[in-house]
Amino acid sequence: MEKLLARLARQLDAIDEASLMSLWSKYATASARFEPTKRWEEAALIFSLIQAKRWKNQLFNYYWSRQTQLRGEPPADAVDNLVPGFALENADRAQERSESLSRRCRVLPFKSVKPAPDSDR
């Protein structure tokens, strides 16, 4: 299993982010329109892979920048920050960034879709 995941990670890393981001809207829309089909599951996984590549690049850039600022000394807390719930920015900066990104991005709400009433009953 780990070999398969490592191979998938290498393949995903070989694709440039710009190419993936050109597909973001298509798969974000498909993922937002739930239907209990393999097609939807595949679209949701593709969307997740696109997001994973983007997140990896942002995390890489953060640590690269931080390492450069520290004059080549790797950050001591690099491993600690990889756990879920880590924060890379202080609250004020995050709020400013969130406001500036809100003009460029959108958050997709995942809602359950009520089934259509059967007309046969």
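- Under the 4.5 Å side-chain contact rule for hydrophobic residues, F60 and I15 do not share a cluster.
- When every heavy atom of F47 is checked against every heavy atom of A28, the shortest pair comes out as CE1-CB, 3.5 Å.
- Put simply, L12 and L45 are part of two different groups of oily side chains (I, L, V, M, F, W, Y) that touch within less than 4.5 Å, one to the next.
- Of the possible polar contacts, one joining the S31 side chain to the Y27 backbone as a donor-acceptor pair under 3.5 Å is found.
- Comment: E41 engages K38 in a salt bridge, judged by a side-chain N to carboxylate O separation of less than 4.0 angstrom.
- One distance of note links CG of L49 with CG of L20; it measures 8.5 Å at 0.5 Å rounding.
- For residues 8-19, the pairs satisfying salt bridge (Lys or Arg N to Asp or Glu O under 4.0 Å) are D13-K53, D13-K56, E17-R54, with sequence neighbours left out.
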Run the side chain to side chain contact (heavy atoms under 4.5 Å, CB included) check on I50 and L23 step by step: do they pass? CA-CA 8 Å; I50 293 168; L23 299 171; 4.1 Å; yes
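- Here the CH2 atom belonging to W64 is positioned 13.0 Å from the CG atom belonging to N57, to the nearest 0.5 angstrom.
- In this structure, R7 has no side-chain hydrogen bond (donor to acceptor under 3.5 Å, both in side chains) partners at least two apart in sequence or on a different chain.
- Judged as a side-chain hydrogen bond (donor to acceptor under 3.5 Å, both in side chains), and not counting sequence neighbours, the contacts of Q51 are W24.
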